Chemist: 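First the structure, then my questions, so here it is.
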Amino acid sequence: MKNHVSRRGVLTALTASTAAACSSQPSESFKSKNTPATGTFNYGIASGDPTSDAVILWTRVTPDDENTGPIEVACEMLPVNGAADPDFDNLSFQKSVTASAATNWTAKIDATGLKSGTWYYYRFRLGDNISPVGKTRTLPEGKVDELSFAVVSCANWQHGLFNVYDHISKQDHFDAMFHLGDYYYEYGADGYADTAAGKLGRLHEPRHEIVSLTDYRMRHAQYRTDPGLQAATANMPLICIWDDHETSNDSWATGAQNHQPNEGDWEVRKTAAMRAYYEWMPIREPRPGRAREDIFRSYEWGDLLTLVSLETRLVARGEPIIVDDYFDQFTSQENVDKFLKDTLADPERDMLGRVQTDFVAKTLSDSKAAGKPWRVLANQVIMGRLNTPDMNPYVDETAIANIEKDWAAARAFVEASKYGLPVYLDSWDGYPAAREKFFTRLKSEGVEDILVLTGDAHEYWVNDLTTDAGDKVGMELVTTSVSSETLGKYMGDTVRDYALLMTQNNENAKYYNAEFNGYIDMKFTRKKALARFVAVNGVLSNEYESFETARFTIRPSKNTIKATSPKGLNFKQRLLFSGFG
């Protein structure tokens, strides 16, 4: 078992192509031209990666006979047009797609020629078997006054039920769901698990850590059996990026912390993970000539908003620094400062790479020039500046002993916290030179108002984003996890005091909450954005309640943006939010 993954949860407390599509023209007949076969749609349906005239539609067929040849599946669409019950006798789009063993029986269609800004019903059909009916939407063009998105991250099968997805599926105001990574976890049944896994019968399959293509496909399939996930992806398009666990924990361009020599060649494992991801997710592969790692792309919601989804793992990221390896050197502030300057701030340690940086800068610059009010980044790991407060007066022996069960270096971390180390070296704080270079590039393009949506951390944050000189370039909203454990496991009620300490210690941190699982409900209008931090009160039962932990209004402020009008904060949180802590 590799325990480094737990550090993310406790650090603050102490290739073949994917499914082939046929001709874009409607088929004259949906009778199979290949081996006649039957099957069922056990894994539901999904849509995603929308453009103004197209969207990816996805399903997976479970054939009655796994030894059958390719199966031709029909796909049908029609505009919603206010109809509660779709009449698939009057189709606006129909097409067939082949599912086969080569693509793990997944089927994806790039439904093209659609109308912009339009909701569609869709379904798949195989003989007499019909999939659930889904809803999807193309991107709007021209004038757009309002948009709403659900923002999610970090769903661990073994940590609990996906009640967050279920809650999202029951809302009727979302235009899309953004998934910021850690869609599943690569660990075996004995890795990064909780006692809840056994109680709920939610043990990872296969039981071992996934390494091969067969393994990754099996893990995707297991997660897709969750009814909450199926319902959420059936009700709106998905825009997704991967983080590390879609390949292996703390991954970078040429390796991963959780990839060992006895697990084979990293490139082979990475290729298998990406292949399974493209098979099982409603996403286009990169254009011909681009590497499969190049998942970064952009989306335009008319004249209102530009979204750029980043790739910060497999394209250009340098090897993360494991802080555990340096604790014996942290004997003085001088030694720590030397580490921060000479090791952590090495200018060669990259995150995005030149090609991606150029793409992001140009896309956001063009958005600014076009007068669009909002520029949003879908981002994997925390971008804001977060340093540890001195935890020695606050963390008792009982807490340290509890955390040491998952992270052997917990005691050393608490002792070194007085030196103001970055909280997450796997985040942008672990690549400060790359972050400064990126922010400087955006400023040179006249872009100082980015709104970054981030996952990974299993906690809520509201952070200002600033250069080394203190110039603001935007804001960051971090969503908590769908089911992955939060700090409550380790700290109980004292996590609230620690949240105040973290906020007080970090000038750019406006709000921090590490108690709950949940998501962010984002609404954009031309003048403001509303961020609602929606949580659920548990993930160990299908019976749950949802509630709003906090809400913030994001408004333009001179050349940048700021968070205003906080709701749901207690007196101390309000003081810290206002900068009076």
Side-chain angles (χ1 to χ4, degrees), residues 4 7-8 11 241 243-244 250-257 266 291 293-296 308-327 329-330 332-365 377 379-388 416 419-448 450 452 454 456-457 463-474 476 506-508:
H4 283 288
R7 182 179 347 104
R8 180 176 297 114
L11 202 52
I241 54 178
D243 193 20
D244 54 342
D250 285 359
S251 56
W252 66 92
T254 58
Q257 171 274 323
W266 167 247
E293 291 89 341
D294 292 350
I295 199 173
F296 58 89
V308 179
S309 60
L310 302 182
E311 202 294 326
T312 64
R313 284 290 175 185
L314 306 179
V315 170
R317 178 194 277 252
E319 182 176 355
I321 290 173
I322 305 300
V323 70
D324 308 34
D325 299 336
Y326 293 87
F327 281 139
Q329 301 179 24
F330 298 159
S332 68
Q333 188 68 57
E334 181 181 5
N335 287 351
V336 171
D337 291 344
K338 179 177 175 57
F339 163 78
L340 296 175
K341 179 181 177 182
D342 297 342
T343 302
L344 201 63
D346 181 351
E348 298 302 316
R349 304 187 67 249
D350 203 354
M351 278 284 268
L352 299 179
R354 181 185 60 80
V355 173
Q356 184 173 190
T357 299
D358 289 346
F359 171 79
V360 175
K362 184 179 187 309
T363 302
L364 299 183
S365 176
L377 296 184
N379 169 60
Q380 287 87 351
V381 295
I382 291 181
M383 192 175 285
R385 302 166 185 272
L386 300 172
N387 293 327
T388 59
Y419 298 122
L421 291 165
V423 177
Y424 304 110
L425 292 191
D426 187 46
S427 74
W428 284 80
D429 264 337
Y431 301 78
R435 177 176 57 196
E436 181 67 9
K437 185 186 302 182
F438 180 53
F439 286 173
T440 301
R441 176 65 183 277
L442 293 183
K443 283 180 62 66
S444 72
E445 301 284 351
V447 177
E448 302 172 79
I450 57 171
V452 178
T454 297
D456 181 69
N463 299 322
D464 285 335
L465 298 176
T466 60
T467 66
D468 290 346
D471 298 327
K472 191 171 177 181
V473 296
E476 176 180 46
N506 288 281
E507 182 180 358
N508 286 348

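Every value quoted in this text rests on a predicted model; they were computed, and no experiment measured them.
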Chemist: If you look at every heavy atom in Ile450 and Val452, which pair is closest and at what distance?
Modeler: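 Between these two residues, the closest heavy atoms are CD1-CG2, 3.7 Å.
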
Chemist: Stepwise, does the side-chain contact (heavy atoms from CB on, under 4.5 Å) test hold for Leu352 with Val315?
Modeler: CA-CA 7 Å; Leu352 299 179; Val315 170; over 6 Å; no

Chemist: Which pair of non-hydrogen atoms, one from Pro432 and one from Ala345, has the smallest distance, and what is that distance?
Modeler: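 Shortest heavy-atom separation between Pro432 and Ala345 comes out as CG-CA, 3.8 Å.
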
Chemist: Is the closest side-chain heavy-atom distance between Leu442 and Val473 below 4.5 Å?
Modeler: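 No, every pair of side-chain atoms sits at 4.5 Å or beyond.
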
Chemist: Kindly determine whether Lys341 and Asp337 satisfy side-chain contact (heavy atoms from CB on, under 4.5 Å), including the steps that lead there.
Modeler: CA-CA 6 Å; Lys341 179 181 177 182; Asp337 291 344; over 6 Å; no

Chemist: Is the shortest distance from a Lys or Arg side-chain nitrogen in Asp429 or Arg435 to a carboxylate oxygen in the other one below 4.0 Å?
Modeler: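 Judged by the 4.0 Å cut-off on N to carboxylate O distance, Asp429 and Arg435 do form a salt bridge.
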
Chemist: Quick one: which of Thr454, Ile241, Leu377 gives a side chain to side chain contact (heavy atoms under 4.5 Å, CB included) with Leu310?
Modeler: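 Between Leu310 and the candidates, side chain to side chain contact (heavy atoms under 4.5 Å, CB included) is satisfied uniquely by Leu377.
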
Chemist: Centres of the Phe330 and Tyr419 rings: under 6.0 Å?
Modeler: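 Judged by ring-centre distance (under 6.0 Å), Phe330 and Tyr419 do not meet the cut-off.
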
Chemist: Closest heavy-atom contact between Pro347 and Ala433?
Modeler: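 Heavy atoms of Pro347 and Ala433 come nearest at CA-CB, 3.8 Å.
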
Chemist: For the CZ atom of Arg385 and the OG1 atom of Thr466, what is their distance to the nearest 0.5 Å?
Modeler: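 So the CZ of Arg385 and the OG1 of Thr466 are separated by 4.5 Å.
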
Chemist: I want to check something: taking the side chain as every heavy atom from C-beta on, are Arg441 and Ser444 in contact at a cut-off of under 4.5 Å?
Modeler: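 The answer is yes, as the side chains (C-beta and beyond) meet within the 4.5 Å cut-off.
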
Chemist: Begin with the C-alpha distance, continue with both residues' side-chain angles, and end with the deciding distance and a verdict on side-chain contact (heavy atoms from CB on, under 4.5 Å) for Ser309 and Ile295.
Modeler: CA-CA 8 Å; Ser309 60; Ile295 199 173; over 6 Å; no

Chemist: List the steps and the verdict of side-chain contact (heavy atoms from CB on, under 4.5 Å) for Ile382 and Asn463.
Modeler: CA-CA 9 Å; Ile382 291 181; Asn463 299 322; 4.2 Å; yes

Chemist: List the atom of Gly353, the atom of Thr357, and the distance in Å for their closest heavy-atom pair.
Modeler: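 Reported closest heavy-atom pair: O-OG1, 2.8 Å.
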
Chemist: At their closest point, which heavy atom of Trp252 faces which heavy atom of Gly318, and how far apart are they?
Modeler: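 Heavy atoms of Trp252 and Gly318 come nearest at CB-O, 3.5 Å.
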
Chemist: Kindly compute the distance separating CG (Leu465) from CD (Glu476), expressed to the nearest 0.5 Å.
Modeler: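 Those atoms lie 5.5 Å apart.
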
Chemist: Rounded to the nearest 0.5 Å, what separation is found between the OG1 atom of Thr467 and the NZ atom of Lys443?
Modeler: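 It comes to 6.0 Å.
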
Chemist: Does Glu436 have more than 12 heavy atoms from other residues, nucleotides or ligands lying within 6.0 Å of its CD?
Modeler: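 Yes, the 6.0 Å shell around CD holds more than 12 heavy atoms from other groups.
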
Chemist: Compare every heavy atom of Tyr431 with every heavy atom of Leu425, then report the nearest pair and how far apart it is.
Modeler: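 Minimum heavy-atom separation between Leu425 and Tyr431: O-CE1, 4.0 Å.
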
Chemist: Which distance, rounded to the nearest 0.5 Å, do you find between the CD of Gln329 and the NZ of Lys338?
Modeler: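 Interatomic distance, Gln329 CD to Lys338 NZ, rounded to 0.5 Å: 9.5 Å.
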
Chemist: Any donor and acceptor pair, going by atom type alone, linking the side chain of Gln356 with main-chain N or O of Glu311 inside 3.5 Å?
Modeler: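 Such a contact is found between Gln356 side chain and Glu311 backbone.
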
Chemist: Just do the side chain to side chain donor-acceptor pair (under 3.5 Å) check on Asp456 and Ser427 with the steps written out, would you?
Modeler: CA-CA 9 Å; Asp456 181 69; Ser427 74; over 6 Å; no

Chemist: For Met351, does its backbone N or O pair with a side-chain atom of Thr312 as donor and acceptor, under 3.5 Å?
Modeler: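 Such a contact is absent between Thr312 side chain and Met351 backbone.
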
Chemist: Give, for atom CD of Gln257 and atom CD of Glu319, the distance between the pair rounded to the nearest 0.5 Å.
Modeler: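 Reported to 0.5 Å precision, the distance equals 10.5 Å.
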
Chemist: A side-chain contact here means heavy atoms from C-beta on lying under 4.5 Å apart; do Met383 and Phe439 qualify?
Modeler: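 A side-chain contact exists here, since the closest heavy-atom pair is under 4.5 Å.
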
Chemist: Output the distance between atom NZ (Lys437) and atom CG (Asp350), rounded to the nearest 0.5 Å.
Modeler: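 It is 5.5 Å, given to the nearest 0.5 Å.
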
Chemist: Taking NZ, NE, NH1 and NH2 as the nitrogens, is one of them in Asp243 or Arg313 under 4.0 Å from a carboxylate oxygen of the other?
Modeler: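 Looking at Asp243 and Arg313, the cut-off is met.
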
Chemist: Where do Arg317 and Asp426 land on the salt bridge (charged side-chain N to carboxylate O under 4.0 Å, His left out) test, with the steps shown first?
Modeler: CA-CA 10 Å; Arg317 178 194 277 252; Asp426 187 46; 3.1 Å; yes

